[in-house]
Amino acid sequence: LNEDNRYWGLRQNDASNAFRGRNYLIYFMGSSGLPANDWVISGCYGLDGGRKYKIAMHYKLGSGEHNLLLAAGNQPLPEAMNLSLWEGNGLRAPEPNAFTRIEHVFEAPSSGEFYFGIKQQSIPAQGSSIIDYLVVIAKPDIIPLGSPVGFGQTVTLQALASDSLVWFSD
């Protein structure tokens, strides 16, 4: 969704600039006259209310100061992205310019369809932003132990289920 005559795009078959694989999302260099205010929104994912999820992504920044927001909502619209998951303001590219990993644990407020959105909001003429390897992982259910565990006793935990939703990675 575009408001400054620049846009987010999916760059394919470019392993040299990807964090992992060959594809990544890129916000192309901002307009020289308009501030960036653009969203890229994922497809639909079913989440279970009350269940905890970990969301992680990697970003790499071009020149200038960047503001990024990672959010979720129940519709693929900017105004529906009302669950803020991570926000970075005044971000600048580190030296050397490498990918930075962010992660956040959140609880789905209800069961149903969710979309994940990334917003680039920055002053005019900032450099490009690259987002790669956005992953959502459900916290697995753990089988409870049947009896107390003694000191030094080995315990094996088994996960009943775990789902990983990978968006735009390969």
Do side-chain atoms of [X] reach the backbone of [Y] as a donor and acceptor pair under 3.5 angstrom?
X      : Y      : answer
Asn23  : Asn13  : yes
Ser111 : Asp48  : no
Ser42  : Phe116 : yes

How many angstroms lie between [atom1] in [X] and [atom2] in [Y], if you round to the nearest 0.5 Å?
X      : Y     : atom1 : atom2 : answer
Trp39  : Glu79 : CH2   : CD    : 10.0 Å
Ile102 : Leu91 : CD1   : CG    : 10.0 Å
Gln120 : Leu25 : CD    : CG    : 12.0 Å

Query raised in the report: Side chains of Tyr53 and Val105: closer than 4.5 Å at any heavy-atom pair?
Result: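 Counting from C-beta outward, Tyr53 and Val105 never come under 4.5 Å.
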Query raised in the report: Does Arg51 come within less than 4.0 Å of Glu107, counting only side-chain N to carboxylate O?
Result: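 A salt bridge is absent here (no side-chain N lies under 4.0 Å from a carboxylate O).
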Query - Pair Trp86 and Phe106, ring centroids less than 6.0 Å apart - result: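 Judged by ring-centre distance (under 6.0 Å), Trp86 and Phe106 do not meet the cut-off.
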Report task. May I ask you to check whether Phe19 and Phe99 place their ring centers less than 6.0 Å from one another? Result ->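 Yes.
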Query raised in the report: Would you say the side chains of Lys119 and Asn67 form a donor-acceptor pair under 3.5 Å?
Result: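 Lys119 vs Asn67: no donor-acceptor pair found between side chains.
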Query raised in the report: Do Asn74 and Tyr115 get their side chains close enough for a donor-acceptor pair, meaning under 3.5 Å?
Result: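 The criterion, which ignores hydrogens and geometry beyond distance, is not satisfied for Tyr115 and Asn74.
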